[in-house]
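One structure is given below, encoded as structure tokens.
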Amino acid sequence: MKLEVVDLWAGTEGKTILKGLNLRVGQGEVHALMGPNGSGKSTAAYVIMGHPKYTVERGDILLDGESVLNLTPDQRAKKGLFLAFQYPIEISGVTMANFLRKAFLSVYGEEGKKVSPSEFHRRLVENFRLLQLDESFTRRYLNEGFSGGEKKRSEIVQMVTLRPKIAILDETDSGLDIDSVKVVAAAVRRAVDETGVGVLVITHYARILNYLKPDYVHVMYDGRIVVSGGPELAQELERVGYKGIEEKYLSS
Ligand SMILES: Nc1ncnc2c1ncn2[C@@H]1O[C@H](COP(=O)(O)OP(=O)(O)OP(=O)(O)O)[C@@H](O)[C@H]1O
Ligand SMILES: [Mg+2]
């Protein structure tokens, strides 16, 4: 599956935030999206997912060549899109296991029912363990009382359980300790290699990229990508900061 964002202009409450965003994420590819605070990275993630708060003013979002602009977030998820939130939400009274079973059935419908509840639970426990969260997390309420790093890892549990075709991970590495960054990167890399999911990872740090080895790195400024390159771009950014990137690529 291929995600294409074509000359996307979008905003909220009368403010245009995305100003001509172009991006293509193919199957099995890992793209990193970097950029200063407020440049529109999370907005891009929300708009691609179809958050009702945002209005698309111009341009298109395509999955395998078909526009998804008129689809709800639910329908986009069924097509294989997944978003791990920068700030995961807590839902009291809904256990992780129930939430994930519901989400799985919502995405896979009748096909999903072929995975029995016990088989599903077995996979779930395995996925929690993969992210170094023990079995008891399946019984806890969605993100409630989870530490910052546990919330981020629980988002990746959702991703590997739902097996999306395209996943957007919004700063999943922020707040993770050094070992957890490795654990998350390894889980994402494994999903890419085994299921061919295309990943867009939004991050401020080269550290996760050192493990994840992205194919492409993009830098976003004021609502659009101003420079794209390979992993070396993330290293350069780490060295010279956004100031250096501005001087090199944006001065004219
Ligand atoms: N409702 C709103 N009204 C006005 N401005 C908004 C609104 N929602 C978002 N913005 C602005 O849009 C810009 C982009 O925000 P966004 O969260 O996409 O940035 P980001 O690149 O993800 O930043 P960070 O690295 O800090 O996560 C910010 O300047 C933000 O203040
Ligand atoms: Mg953000």
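Note that the structure is predicted; figures quoted are calculated from it, not measured. Sequential numbering from 1 along the given sequence is applied to the chain's residues. We use all heavy atoms of the structure for the numbers below, so side chains are in, but hydrogens, waters and symmetry mates are not. Just follow the structure's listing: the first ligand is 1, and inside any ligand the first atom is 1.
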message = Starting from atom 2 (C) of ligand 1, what is the nearest protein heavy atom, named by residue and atom, and what distance separates them?
response = T12 CG2, 3.7 Å
task = Please check if any side-chain donor atom of E119 sits under 3.5 Å from a side-chain acceptor atom of H121, or the reverse.
result = no
task = Give the intermediate values and the outcome of side-chain contact (heavy atoms from CB on, under 4.5 Å) for residues T138 and V125.
result = CA-CA 7 Å; T138 61; V125 169; 4.2 Å; yes
query = Within the side chain of R153, is there an N or O that forms a donor-acceptor pair under 3.5 Å with the backbone of L131?
reply = yes
key: Donor-acceptor side-chain pairing of E57 and T16 below 3.5 angstrom   = yes
key: Closest heavy-atom pair and its distance - A84, L169   = CB-CD2, 3.7 Å
task = For G40, counting its heavy atoms only, list the atoms of ligand 1 lying under 4.0 Å from any of them.
result = 14 (C), 18 (O), 19 (O), 20 (P), 21 (O)
ask   = If you round to the nearest 0.5 Å, how far is OH of Y242 from CE of M34?
value = 5.0 Å
query = Any protein heavy atom lying closer than 4.0 Å to atom 31 (O) of ligand 1?
reply = no
query = Side chains of Q132 and D179: is there a donor and an acceptor less than 3.5 Å apart?
reply = no
ask   = atom 17 (O) of ligand 1: which protein heavy atom is closest, and how many Å away?
value = S42 CB, 3.6 Å
key: Sub-4.0 Å atoms of ligand 1 with respect to non-hydrogen atoms of E171   = 24 (P), 25 (O), 27 (O)
inquiry  = What I want to know is whether N37 and ligand 1 share at least one N or O pair that is separated by under 3.5 angstrom.
reply    = yes
query = Mind checking whether S39 has a heavy atom under 4.0 Å from ligand 1?
reply = yes
query = N/O/S atom of Q86 under 2.8 Å from the Mg ion (ligand 2), yes or no?
reply = yes
task = Give yes if a backbone or side-chain nitrogen or oxygen of H204 is under 3.5 Å from a nitrogen or oxygen of ligand 1, and no if not.
result = yes
query = Which protein heavy atom lies closest to atom 13 (C) of ligand 1, and at what distance to 0.1 Å?
reply = G38 O, 3.5 Å
ask   = Do any N/O/S atoms of S42 come under 2.8 Å of the Mg ion (ligand 2)?
value = yes
ask   = Which bit of T43 gets closer than 4.0 Å to ligand 1, counting heavy atoms only: side chain, backbone, both or neither?
value = both
Residue-ligand contact M220/ligand 1, heavy atom below 4.0 Å = no
ask   = What orientation do Y54 and H51 show, parallel under 30°, tilted 30 to 60°, or perpendicular over 60°?
value = perpendicular
Distance under 6.0 Å and angle within 45° of ring axis: R140 vs F137 = yes
key: Top protein contact for atom 1 (N) of ligand 1, by heavy-atom distance   = E13 OE1, 3.2 Å
key: Polar atom proximity, I17 to ligand 1 (N or O, under 3.5 Å)   = no
inquiry  = Would K15 count as a polar contact of ligand 1, with the cut-off being nitrogen or oxygen pairs under 3.5 Å?
reply    = no
task = Select one of side chain, backbone, both or neither to describe which atoms of K41 lie under 4.0 Å from any atom of ligand 1, heavy atoms only.
result = both
message = Is it the case that the side chains of T72 and D74 hold a donor-acceptor pair, with the cut-off being a distance below 3.5 Å and no angle test?
response = no
query = With distance as the sole criterion, is a donor-acceptor pair present between the side chains of S39 and D222 under 3.5 Å?
reply = no
request  = Return yes or no for this condition: an N or O of G35 is under 3.5 Å from an N or O of ligand 1.
outcome  = no
request  = Could you tell me whether some N/O pair between Q86 and ligand 1 is separated by less than 3.5 angstrom?
outcome  = yes
task = Report yes or no: do E246 and Y221 form a side-chain donor-acceptor pair below 3.5 Å?
result = yes
